Structure formats: C-alpha cells, structure tokens
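Worksheet: one structure, shown below.
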Amino acid sequence: MVEIMTDKQFDKIIKMISMILDGCKDLEEAKKKLNELSDNADKKTEEK
C-alpha cells in the first residue's frame with residue numbers, strides 16, 4: 001500500500017525540523033539530533 005503525505009503533514013514535519021535546528025549550536029549538533037530522530041523512526045517502523 002502506498003501512503004501519500006498531504007501538504008499539511010509535510011508542513012508540520014518541516015516546522016518540527018526547524019524547531020529542532022533552532023536549538024542547535026552548530027552543524028554537528030544538528031546532524032546528531034536528526035540522526036537520532038531518524039534512528040528512532042526506523043526502530044518504530046521495524047516494530048510494526
């Protein structure tokens with residue numbers, strides 16, 4: 001089954017990422033945080 005993301009869902013994801021990046025002091029910290037989030041998302045997907 002193919003899931004299609006709506007514009008509203010996409011905008012919400014972009015806002016969430018923006019909020020995460022606003023709290024970062026440098027690029028390395030931002031990369032680390034985003035990698036942690038993507039790792040957690042992958043684990044949740046595998047659990048289903």
Side-chain angles (χ1 to χ4, degrees):
M1 183 170 109
V2 176
E3 294 183 27
I4 298 174
M5 185 181 304
T6 66
D7 289 343
K8 187 175 181 180
Q9 290 170 320
F10 182 76
D11 287 342
K12 192 167 194 166
I13 290 170
I14 295 298
K15 286 179 185 177
M16 289 169 40
I17 293 171
S18 178
M19 289 175 10
I20 292 165
L21 297 179
D22 282 344
C24 296
K25 297 176 189 130
D26 58 18
L27 182 59
E28 290 304 315
E29 184 180 357
K31 286 180 181 180
K32 182 181 175 187
K33 285 185 177 184
L34 292 176
N35 281 334
E36 288 173 2
L37 288 173
S38 67
D39 288 345
N40 289 339
D42 291 343
K43 290 176 186 175
K44 287 180 182 178
T45 303
E46 291 173 2
E47 291 174 0
K48 288 184 178 180

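Here the structure is a predicted model, which is why all the values come from computation and not from measurement.
A continuous path of Ile, Leu, Val, Met, Phe, Trp and Tyr side chains, each step under 4.5 Å between heavy atoms, connects Ile17 with Phe10, placing both in one hydrophobic cluster. Note on Met19 and Leu37: separate hydrophobic clusters, where clusters join Ile, Leu, Val, Met, Phe, Trp and Tyr whose side-chain heavy atoms are under 4.5 Å apart, directly or indirectly. Following chains of ILVMFWY side-chain contacts shorter than 4.5 Å, one cannot reach Met16 starting from Leu34, and the two form parts of different hydrophobic clusters. Linking Ile, Leu, Val, Met, Phe, Trp and Tyr whenever their side-chain heavy atoms come within less than 4.5 Å leaves Ile20 and Leu27 in two separate clusters.
With respect to Glu29 and Lys33, a salt bridge is recorded, a charged nitrogen being found less than 4.0 Å from a carboxylate O.
Within a 6.0 Å sphere centred on CG of Asp26, heavy atoms belonging to other residues, nucleotides or ligands number more than 12.
Using a 4.5 Å heavy-atom cutoff, the side chains of Lys12 and Lys8 are not in contact.
Summarising the geometry of Cys24 relative to Ala30, their closest heavy-atom pair is SG-CA, 3.5 Å, with the distance given to 0.1 Å.
A donor-acceptor pair is defined here as one N or O able to donate and one able to accept, closer than 3.5 Å; no such pair exists between the side chain of Gln9 and the backbone of Met5.
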